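Before any comments, here is the structure.
All values derive from a computational prediction rather than experimental measurement. The analysis underlying the following values was restricted to heavy atoms, covering all of them including side chains, and did not include hydrogens, waters or symmetry mates.
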Amino acid sequence: MCEKEQTVTVTVASIAALAMSQIGLLKLVEIGLLSKDEAGVVLRQLAEPHLGGGPASQAAATILMQLAESLAG
């Protein structure tokens with residue numbers, strides 16, 4: 001595997017891990033310990049630092065924002 005392929009693989013794995021780590025947050029909403037609005041705020045705050053970065057950061061921000069929007073919807 002060349003260096004570029006390794007970078008893409010690591011990037012994809014990192015983005016997937018970020019998305020998966022938010023399942024705990026969604027579970028708190030599901031059991032009623034956190035409101036959907038509160039969870040949406042947390043997800044947006046997590047997304048904010050990634051908005052100005054490169055493609056991987058933008059992808060991470062997009063995932064987090066979509067999770068926030070799905071809670072609001």
Side-chain angles (χ1 to χ4, degrees):
M1 186 181 308
C2 73
E3 186 176 337
K4 184 176 181 179
E5 289 172 327
Q6 288 175 332
T7 300
V8 169
T9 301
V10 169
T11 299
V12 170
S14 297
I15 292 169
L18 175 66
M20 294 298 291
S21 70
Q22 302 316 310
I23 289 175
L25 183 71
L26 299 177
K27 186 65 176 174
L28 292 174
V29 171
E30 183 180 308
I31 62 175
L33 294 177
L34 194 65
S35 75
K36 288 182 178 184
D37 289 339
E38 291 168 326
V41 168
V42 170
L43 290 167
R44 286 183 191 88
Q45 287 174 342
L46 290 171
E48 193 172 311
H50 299 286
L51 292 172
S57 289
Q58 289 289 330
T62 298
I63 290 168
L64 292 168
M65 295 301 280
Q66 287 178 345
L67 282 171
E69 288 175 21
S70 72
L71 287 174

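A continuous path of Ile, Leu, Val, Met, Phe, Trp and Tyr side chains, each step under 4.5 Å between heavy atoms, connects Leu71 with Leu33, placing both in one hydrophobic cluster. Cluster membership check: Leu64 shares its hydrophobic cluster with Leu28, using side-chain heavy-atom separations under 4.5 Å among Ile, Leu, Val, Met, Phe, Trp and Tyr.
Within the model, atoms CG of Leu43 and CD of Glu48 stand 13.0 Å from one another, a figure rounded to the nearest 0.5 Å. We find the CD-CZ distance between Glu69 and Arg44 to be 7.0 Å, quoted to the nearest 0.5 Å. Here OG1 of Thr62 is found 11.0 Å from CG of Leu67. Values are rounded to the nearest 0.5 Å.
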message: Quick one, Gln22 with Ile63, criterion side chain to side chain contact (heavy atoms under 4.5 Å, CB included). Give me CA distance, side-chain angles, the key distance, then yes/no.
response: CA-CA 10 Å; Gln22 302 316 310; Ile63 290 168; over 6 Å; no

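The two residues Ser35 and Val29 make their nearest non-hydrogen contact at O-CG2, 3.9 Å. Across all their heavy atoms, Gly53 and Ser57 have their closest contact at CA-CB, 3.7 Å.
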